[in-house]
Amino acid sequence: MPEVIYKVDLPAFTGRNVPIKEIASAIGKDAQYVRLGIQQGLLKFGNSNEYSYYCPDKRVWEETGYFNEEAV
């Protein structure tokens, strides 16, 4: 059986912290929905402490399919 090789073009991830408002707009939800989803562990692409959030571009893309080429 021949070996099948797939070529996948991935975005140019930089580790950029994607703003909550940008994520919310991309997925069609309110920013508070995204914040609570991260806090409660329902959204797996971000980490938070009490007042700040870190949502790296690669994890956001893996979970939502959203990547902003212009922000790189």
Side-chain angles (χ1 to χ4, degrees):
M1 177 175 251
E3 183 178 335
V4 177
I5 299 174
Y6 297 95
K7 182 179 184 302
V8 177
D9 291 326
L10 297 176
F13 301 114
T14 63
R16 174 179 84 95
N17 184 18
V18 183
I20 295 293
K21 287 183 179 183
E22 184 177 335
I23 296 168
S25 176
I27 65 173
K29 298 290 185 182
D30 184 75
Q32 188 64 11
Y33 172 91
V34 175
R35 287 187 200 95
L36 288 173
I38 292 170
Q39 290 171 9
Q40 295 174 359
L42 300 172
L43 300 176
K44 307 292 185 194
F45 51 73
N47 298 321
S48 73
N49 62 28
E50 192 171 347
Y51 297 107
S52 65
Y53 298 84
Y54 176 62
C55 303
D57 57 356
K58 183 176 181 184
R59 295 209 39 215
V60 171
W61 176 78
E62 289 171 345
E63 294 294 322
T64 68
Y66 172 74
F67 183 77
N68 185 348
E69 293 279 341
E70 296 172 5
V72 174

Problem set entry | 4.5 Å side-chain heavy-atom contact, Arg59 and Asn47 | yes
Exercise. Looking only at heavy atoms, what is the nearest atom pair of Arg16 and Pro19, with distance?
Worked result: NH1-CD, 3.7 Å
For this session: Could you check if a side-chain atom of Ile38 sits within less than 4.5 angstrom of a side-chain atom of Ile20, using non-hydrogen atoms only?
Result: yes
Exercise. Cys55 and Asn17: which non-hydrogen atoms are nearest, and at how many Å?
Worked result: N-OD1, 2.7 Å
Using distance only, find each side-chain donor-acceptor pair of residues 26-35 under 3.5 Å and give its atom names and separation, not counting sequence neighbours.
unit_1: Asp30; atom_1: OD2; unit_2: Gln32; atom_2: N; d: 2.9
unit_1: Gln32; atom_1: OE1; unit_2: Arg35; atom_2: NH1; d: 3.2

Problem set entry | Residue among Trp61, Phe13, Phe45 satisfying ring-ring contact (aromatic ring centres under 6.0 Å, His included) with Phe67 | Phe13
Problem set entry | side chain to side chain donor-acceptor pair (under 3.5 Å) against Gln40, all qualifying residues, sequence neighbours excluded | none
Exercise. What's the shortest heavy-atom distance between Val18 and Asp57, and which atoms?
Worked result: CG2-CA, 3.7 Å
